[in-house]
Protein chains: 2
Amino acid sequence: MGLTKTEHFSTAQNTLAVKLKALGHPARVAIIEYLMEVNTCICGDIVNELPLSQPTISQHLKELKNAGLIKGSIEGNAICYCINDETIRELHQYFQNMSATLSGKQDTCC
Amino acid sequence: MGLTKTEHFSTAQNTLAVKLKALGHPARVAIIEYLMEVNTCICGDIVNELPLSQPTISQHLKELKNAGLIKGSIEGNAICYCINDETIRELHQYFQNMSATLSGKQDTCC
DNA sequence: TTTATATATTGCAATATTACGATATACTTC
DNA sequence: GAAGTATATCGTAATATTGCAATATATAAA
């Protein structure tokens, strides 16, 4: 098959999975980390920063954008990309809740 | 191709990507959320909780285990699965750092 | 020891992902 | 308008993922 049965899961589960999947590739982690490192949105040189071809990076950027992890806006000749704070904070919140829940538990585990 | 060029990225980036990729599927999100919901490790009934076949779930569990997100231990006839707190906390930390860094920035974005 | 129960593995078909060369698009500058 | 620069899209090959039926394995119970 190869076809994820999204219809069996909640919207929340599906949209979360899309975001995490987008970060589930080292090149895309690297892109996000680069965008964090430079202190503003970056126009242009992402391609020069990574050891992948221009079409491949363009594809990864598209996926990050679709998942809502980055935003892009046309800036003359180039395109400006920056991190979408809101999505990062959502993910932070999600794992924070999990951590908190886990801390509150007995250690009755295996 | 279809072959991720892991060698071009740092170990940290690669291992993080593996963990996030493991959560990048709604079924695996659902499994983790179920393990959170029940207040202890669960022996057995994960298969009954999800609308997927037993082999498929077994495969997803394997992937979660490989990524270090869950732990499993044999408990007589069944197998006990529970969340690996440490990994969750790692992810929490990662996104917390990102959130913090983003908060400290000027809003000089696009 | 046979039978039942729980989970893993194998094998396979359908689909998705990754990567890149070639090419298209779009804006800038000359 | 022509040439240059930056990014996107198309097409395609290689590999990975998803899902399940069939089967294997392993323990428990009878």
Side-chain angles (χ1 to χ4, degrees), chain A residues 1-9 13-14 17-31 34-35 41-67 69-82 110, chain B residues 1-9 13-14 17-31 34-35 41-67 69-82 110:
Chain A
M1 304 224 161
L3 194 147
T4 297
K5 294 195 157 181
T6 54
E7 70 277 11
H8 291 326
F9 304 101
Q13 287 168 338
N14 277 305
V18 166
K19 286 164 193 164
L20 294 173
K21 188 177 180 184
L23 284 174
H25 189 290
R28 294 192 291 265
V29 168
I31 289 172
Y34 178 62
L35 287 177
C41 60
I42 209 71
C43 309
D45 64 355
I46 293 182
V47 171
N48 304 319
E49 280 299 316
L50 293 178
L52 293 170
S53 74
Q54 181 269 320
T56 302
I57 289 175
S58 183
Q59 205 173 269
H60 283 309
L61 287 169
K62 190 180 177 184
E63 224 168 316
L64 286 169
K65 202 175 170 189
N66 283 343
L69 283 157
I70 62 174
K71 292 181 280 190
S73 62
I74 299 169
E75 197 72 34
N77 203 4
I79 291 192
C80 264
Y81 281 110
C82 62
C110 344
Chain B
M1 304 220 162
L3 194 149
T4 296
K5 295 196 158 180
T6 54
E7 72 276 12
H8 290 327
F9 304 100
Q13 287 168 340
N14 277 304
V18 166
K19 286 165 194 164
L20 294 174
K21 189 178 179 183
L23 284 174
H25 189 289
R28 295 194 290 266
V29 168
I31 289 172
Y34 179 62
L35 287 176
C41 59
I42 210 68
C43 309
D45 64 355
I46 294 182
V47 172
N48 304 319
E49 279 298 316
L50 293 178
L52 293 170
S53 74
Q54 181 269 319
T56 302
I57 288 174
S58 183
Q59 203 174 272
H60 283 309
L61 287 168
K62 191 180 177 183
E63 224 169 313
L64 285 169
K65 202 175 170 186
N66 283 342
L69 283 157
I70 62 174
K71 293 182 282 191
S73 61
I74 298 169
E75 196 71 36
N77 202 3
I79 291 190
C80 264
Y81 282 112
C82 63
C110 346

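Letters go in sequence order (proteins before strands), and every chain restarts at 1. On a predicted model such as this, the values are computed, not experimentally measured, just so you know.
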For this session: Using modelled atom types only, decide if a donor and an acceptor are shared between the side chain of B:R28 and the backbone of B:A22 within a distance under 3.5 Å.
Result: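 Between the backbone of B:A22 and the side chain of B:R28 there is a qualifying donor-acceptor contact (under 3.5 Å).
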
Problem set entry | Nearest-angstrom distance from the residue atom CG of B:N14 to P of C:dT18 |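 It works out to 13 Å between those atoms.
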
Problem set entry | Minimum heavy-atom distance B:H60-B:I31, with the two atoms named |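 The answer is CB-CD1, 3.9 Å.
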
Problem set entry | Any A:S58 side-chain heavy atom under 4.5 Å of A:Q54 side chain |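 Heavy-atom side-chain distance check passes, below 4.5 Å.
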
For this session: Write down the distance between CG (B:L64) and C1' (C:dA8), rounded to a whole number of angstrom.
Result: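 Whole-Å distance recorded here is 16 Å.
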
Problem set entry | 5' priority, DNA chain C, between B:K65 and A:G76 [closest heavy atom] |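 With A:G76 and B:K65 compared, the 5'-side residue is B:K65.
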
Exercise. Relative to the ring of A:H25, is the ring of B:F9 parallel (under 30°), tilted (30 to 60°) or perpendicular (over 60°)?
Worked result: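 Answer is perpendicular, since the angle exceeds 60°.
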
For this session: Check whether any side-chain N or O of A:N14 sits under 3.5 Å from a backbone N or O of B:P26 as a donor-acceptor pair, and report yes or no.
Result: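 Flag not set: sc A:N14 to bb B:P26 has no pair under 3.5 Å.
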
Exercise. Which nucleotide, D:dT5, D:dT7, D:dT9, lies nearest any side-chain atom of A:I79?
Worked result: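 My answer, after comparing the listed nucleotides, is D:dT7.
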
For this session: In whole angstrom, give the distance that lies between atom CD of B:E75 and atom P of C:dT7.
Result: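 That distance rounds to 11 Å.
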
Problem set entry | Pairwise side-chain contact, A:I70 with A:C82, heavy-atom cut-off 4.5 Å (strictly under) |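 Answer no - side chains too far apart.
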
Exercise. Are OP1 or OP2 of C:dA8 and a side-chain N or O of B:Y81 less than 4.0 angstrom apart?
Worked result: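 Answer is yes, contact under 4.0 Å.
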
Problem set entry | Nearest-angstrom distance from the residue atom NZ of A:K62 to C1' of C:dC20 |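 Atom NZ in A:K62 sits about 15 Å away from atom C1' in C:dC20.
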
Exercise. Among residues 19-27 of chain B, which contact DNA chain D at a heavy-atom distance under 4.0 Å?
Worked result: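 Correct list: B:K21, B:H25.
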
Exercise. From the list C:dA6, D:dG19, C:dT18, which nucleotide is the closest neighbour of the side chain of A:E63?
Worked result: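 The answer is C:dT18.
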
Exercise. Heavy-atom contacts under 4.0 Å between residues 51-61 of chain B and DNA chain C, which residues?
Worked result: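 Listed by number, they are B:Q54, B:P55, B:S58.
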
Problem set entry | Rounded distance [0.5 Å steps], CG in A:L61 versus CD1 in A:I46 |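 Spacing of CG (A:L61) from CD1 (A:I46) equals 5.0 Å.
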
Exercise. What pairs with A:K62 under side chain to side chain contact (heavy atoms under 4.5 Å, CB included), at least two apart in sequence or on another chain?
Worked result: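 If we apply the side chain to side chain contact (heavy atoms under 4.5 Å, CB included) test to A:K62, skipping adjacent residues, the hits are A:N66.
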
For this session: Report yes if the side chains of A:V29 and A:Y34 come closer than 4.5 Å at any heavy-atom pair, otherwise no.
Result: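 In short, these two side chains do not touch, never coming nearer than 4.5 Å.
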
Exercise. Whole-Å distance between D:dT5 P and A:D45 CG?
Worked result: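 Rounded to the whole Å, the gap is 16 Å.
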
Exercise. Rounded to the nearest Å, what distance is computed from the CG atom of residue B:N77 to the C1' atom of nucleotide D:dA28?
Worked result: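 Roughly 5 Å, once rounded to whole Å.
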
Exercise. Within this structure, what is the CD-to-P distance between B:E7 and C:dT18, rounded to whole angstrom?
Worked result: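 So the CD-P distance, B:E7 to C:dT18, works out to 15 Å.
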
Exercise. Of the candidate nucleotides D:dT27, C:dA19, C:dT15, which contains the atom at the shortest distance from the side chain of A:L3?
Worked result: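 Out of D:dT27, C:dA19, C:dT15, the nucleotide with an atom closest to A:L3's side chain is C:dT15.
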
